[in-house]
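Just so you know, residue 1 is the first one in the sequence shown, and it goes up from there.
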Amino acid sequence: MSNLVIFDDEKDALLNKTIAELLQKNKHEKSFRDKLQRILSHKDVSPGETMNLIIRFGSGEVLSKEEKYILASGIYEATKNEKINPANYFPERIIKEIETTWQGFSSNTNSILSFPITFENVTEVGDNNFTFLLKRSEIANMYENHLLQYNPRTQRTSEIKNFEFLGGEIPVPELNYDAVEQIAQKVSDGTLISSTLILNARFGSSSEGIEVVYDSNERTLTVMSNTLVDVIDGYHRIVGISKAVRSGSFDDKFMKIDFYNVTQKVARQLFGQHNTMTPVRLSKLKEMNEENPINKIATHIRDNSVIGQRISLDHDVVTRQAEYLYTLNDVASAIEATKFPKLLKDQIAVRKVGIFLVEFFDELTELYYEEFLGDKFEQSKKTIVINKTILVGLMEIAYFMYNSGIDAKMAQQIIKKSGVDFNRNNPEWAKNKIIIKKNEITYNKNHVIKYFKDKLNKVEGV
């Protein structure tokens, strides 16, 4: 007869500890991460939802029993480590119940949503600003399907958590869980007022080339495919509403929606206007002139690529002590030093180059993972790949690929075929006047561009 298993507080604490230990143990294994995402995809958990589950776990958010089981079962299948075997923590009855009723992170299979979505009875208030009503169940459904997202760059504060398994520090919502619980309770008992939520369809984010389409005759607003919709104000209320809706007992009243389609720069300013009770740092409102196409591309890289977390918005100069590698101006200057500007004849071209460079730098970050996301001070002793002058050379590689019609996903192969060795001790750096006296890296971009062009001219078989 098998031992009786009871999922109590002691088992719960042990399970939390074991999950944390195994995520930490496998933090450098990309194959483990890929395997975990693949395994959970068969349980109706997308790769993005898997990473979101891990982030929520790491941030101290209390996961539901079902979520813990799903995460533990995925880790167990990926590692075959008996310490995480769900059968050690959950009674057989609960395991069967979860396995037979789990339908992913949406409350039911019929509620799965994706853009495009059309909202009705919409009033156009002004340029790129609309207002309409949504039921709380509709808001929760959008949130549960990850169509409403927390964007730390448009918020007053965000908490930085060091998720070593994910390779470094990640901004997470600074949630007041007591407030979320109170909001959920008010939604359940019908006492939450129908206040205004402020959302923004981030300009430049849609794969359709345009984020929203408004029909003034029908008074409808359609949010297009793959658009990123940021919560500018009301994130706690949305999380609380979603929690109440998941419980099944809630008052499904309407909420007022103030909807924008603007850049992050304008969204940050809107946030400041709507949150005057608590001062926002002046640096949070600082932004480059996004009318310049090169600056638009630089901003797009920062907002959408993995390396974006190492590009500073708040500083004109990055000090050795700062966590950042580059300023926005460094990125824009590197683009400008290549022939990319000659290609930027219209907004479609700007968008294409921006998307290409995001994919290029994501590939680059994967190849030089420790260098770009690790300890900057330690890495700079060993490599020059993260130096801001060398960024010009990286852009030259990107331009060569883009102009040659080579997919951005080939970046790692192109770099390897070029024979560029970013090791600081590489004698070619001194020979080509890139590392000069006192082992310092030159500020002369022409030397860097010439070196990388010579290397790229030797690339064959692409």
Side-chain angles (χ1 to χ4, degrees), residues 1-29 32-33 35-46 49-107 144 159-167 169-170 172-185 188 236 239-240 242-249:
M1 184 175 178
S2 59
N3 294 329
L4 179 65
V5 177
I6 300 175
F7 186 70
D8 54 15
D9 290 344
E10 184 178 344
K11 287 282 188 184
D12 190 28
L14 180 59
L15 178 59
N16 287 336
K17 180 181 178 183
T18 307
I19 290 173
E21 285 177 355
L22 290 178
L23 290 179
Q24 171 70 12
K25 181 180 178 181
N26 293 279
K27 65 180 181 180
H28 295 306
E29 298 293 331
F32 166 74
R33 196 185 323 169
K35 187 184 292 185
L36 180 60
Q37 291 175 326
R38 188 169 59 253
I39 289 167
L40 291 188
S41 70
H42 296 298
K43 299 179 184 291
D44 293 325
V45 182
S46 72
E49 288 169 336
T50 297
M51 304 316 289
N52 185 50
L53 197 59
I54 293 168
I55 289 174
R56 288 170 55 210
F57 175 82
S59 68
E61 181 179 337
V62 178
L63 302 186
S64 69
K65 177 176 61 181
E66 292 79 8
E67 290 171 331
K68 285 183 185 177
Y69 170 79
I70 293 296
L71 184 56
S73 65
I75 296 173
Y76 174 60
E77 194 171 334
T79 63
K80 305 302 181 185
N81 190 321
E82 280 299 320
K83 285 179 64 177
I84 195 68
N85 188 341
N88 296 330
Y89 304 91
F90 297 92
E92 184 178 352
R93 177 186 59 79
I94 290 180
I95 291 176
K96 286 183 177 179
E97 180 182 338
I98 295 174
E99 289 284 0
T100 56
T101 61
W102 174 259
Q103 295 180 326
F105 284 96
S106 299
S107 56
E144 293 291 339
E159 188 177 3
I160 300 296
K161 289 285 186 178
N162 186 23
F163 295 103
E164 294 191 18
F165 168 66
L166 297 178
E169 294 183 334
I170 295 175
V172 297
E174 194 172 295
L175 283 177
N176 181 327
Y177 292 104
D178 288 339
V180 170
E181 288 292 339
Q182 291 172 14
I183 291 168
Q185 183 59 46
S188 296
H236 279 82
V239 175
S242 180
K243 184 177 178 65
V245 171
R246 283 200 306 268
S247 74
S249 174

Heavy-atom nearest pair, Ala244 first then Ser188, reads CB-OG, 3.8 Å
Correct closest heavy-atom pair for Tyr69 and Ile98 would be CD2-CG2, 3.5 Å
Would you check, one step at a time, whether the test side-chain contact (heavy atoms from CB on, under 4.5 Å) holds for Asn81 with Thr18?
CA-CA 10 Å; Asn81 190 321; Thr18 307; over 6 Å; no
In this structure, NZ of Lys243 is separated from CD of Gln185 (nearest 0.5 Å) by 10.5 Å
Could you please spell out the steps behind the side-chain contact (heavy atoms from CB on, under 4.5 Å) verdict for Leu36 and Ile54?
-> CA-CA 11 Å; Leu36 180 60; Ile54 293 168; 4.0 Å; yes
Which of Lys68, Lys65, Lys17 passes side-chain hydrogen bond (donor to acceptor under 3.5 Å, both in side chains) with Asp12? It is Lys68
Lys/Arg-Asp/Glu bridge criterion (N-O < 4.0 Å) met for Lys25, Glu21: no
When rounded to the nearest 0.5 Å, the distance separating CG of Asn85 from CD1 of Ile75 is 12.5 Å
Open item on the list: I'd like to know whether Ile95 forms a side-chain contact (heavy atoms from CB on, under 4.5 Å) with Tyr89, so could you lay out the CA-CA distance, the side-chain angles of the two residues, the decisive distance to 0.1 Å, and finally the verdict.
Closed with: CA-CA 10 Å; Ile95 291 176; Tyr89 304 91; over 6 Å; no
Correct closest heavy-atom pair for Ala72 and Leu15 would be CB-CD1, 4.0 Å
Tightest non-hydrogen contact, residues Asn26 and Leu22, listed as ND2-O, 2.8 Å
Can you list the steps and then say if Tyr76 with Glu82 is a side-chain contact (heavy atoms from CB on, under 4.5 Å)? CA-CA 7 Å; Tyr76 174 60; Glu82 280 299 320; 2.8 Å; yes
query: Got a sec: does the CD of Glu10 have more than 12 other heavy atoms crowding it under 6.0 Å?
result: no
**Study point:** Glu77 bridged to Lys35 by N-O distance under 4.0 Å
**Key:** no
Requested in this report: Could you tell me whether the side chain of Lys11 and the main chain of Asn88 form a donor-acceptor pair under 3.5 Å?
Outcome: yes
All heavy atoms of Ile84 vs all of Ile19, minimum pair found to be CD1-CG1, 3.7 Å
To the nearest 0.5 Å, atom CD1 of Ile39 lies from atom CD of Gln37 at 10.5 Å
